[in-house]
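Both ligands and their constituent atoms are indexed starting at 1 by order of listing.
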Amino acid sequence: MSERIELFPGVIEMNYQARRRLGCCVYLVHSGSDWLLIDIGYEDTVGEIIEIIRQLDFPLANCRYLIATHADVDHVQGLGRAAELLPGSRTCGHPDAARLLAEGDRVTTYAEISAQGISIDMPTVQLHETISEGDRLPLGDVELEVWHTPGHTVGQLAFRLGNLLLSGDNIYRDGCVGNIDAHHGSDIPSFIESLTRIRDSDIEWLLPSHGPPFRKDPELLQATIDRLEGYCHMADFGTCATDWPLMDEWDRELVEGFHPE
Ligand SMILES: [Zn+2]
C-alpha cells in the first residue's frame, strides 16, 4: 500500500501522487468508499494510474464515474480502456464531448494535426451519461456540481466541490488558457463569459487540467479576460475574432485616399 497524498480533503491528483508528470491532471475525488476520476489522459498511462489507485487502497469496484472535462485526445484517449478496467463506473461528459467521442472525431479532438505531422489513435467511446450545467453527481457524502464553461471548446465542463473548482482547460496558474483554435470550436466571447463567471464566483481554489492547483486570483483572471477581449478585435486567432478594426480604418482610407506624410 502507498500513502495517499491529498491535495485537499477528498482530492488526489495522480501526477502529484506519482511525483512525476504522467500527462494531463487526473483528479481522483473520493467520499466514503466511493470515488471517481476526472479525466484519465492517454491510453498508455491508464494501467499505471489504475495500479496507483489500487495501491492507495481504493476498491476498483467502487469507481462511480469516469468523467471527461472535454473530448481532447490528451484528456480522453484512455477513457475506453479505463471503462473496461473499471466496469462499475459510468462514463460521462458534455453532450458535445459525447458526440465527438462517439464519432471518433480526429480533428476537433486534436488526434490529427496533419500540418504538424501529429496523428495518434482516438478510440471511439459511447458515454453512459451526458451531463451539463446544473447537474449534480452524488458521491458518498458529497456532490460535484457541473458547470458548463465553453470557450476553449464547446463541451468544456468544470466541477465545483465546495470551495474548489476542478476547472478543466479554462485557466492555468500562469494565466494561460486552453488553446484558442477555430477548428476546435473555440469561442472567445464564451471564453470571456466562463472566465468572468469563475472570477466572480466564491470559489477559492482552482484545480486545472494542466499544471499545479492555485488560489483563485481575481487580478490574474482579469488580466486574462483583458487579453482575450483584445483577441476579439485582433487577427491573431483568425475567424475566432469578432471584428478587426484595422479593416474598418482601411475601408475609410480606401474611400478617402491614402495620404503619405
Ligand atoms: Zn487540455
*Got a salt bridge between R227 and D236, using NZ or NE/NH1/NH2 to carboxylate O under 4.0 Å?*
no

*Are the aromatic rings of H94 and H70 close, with centres under 6.0 Å apart?*
no

*Could you go step by step and tell me if T149 and N170 meet the side chain to side chain donor-acceptor pair (under 3.5 Å) rule?*
CA-CA 8 Å; T149 53; N170 278 293; 2.9 Å; yes

*Does a donor on one side chain and an acceptor on the other come within less than 3.5 Å for H30 and N62?*
no

*asked:* Please determine whether H75 has a backbone or side-chain N, O or S atom lying under 2.8 Å from the Zn ion (ligand 1).
replied: yes

_So, 2.8 Å as the limit: is an N/O/S atom of D169 located closer than that to the Zn ion (ligand 1)?_
yes

*asked:* Using 2.8 Å as the threshold, say whether any N, O or S atom from H210 sits that close to the Zn ion (ligand 1).
replied: yes

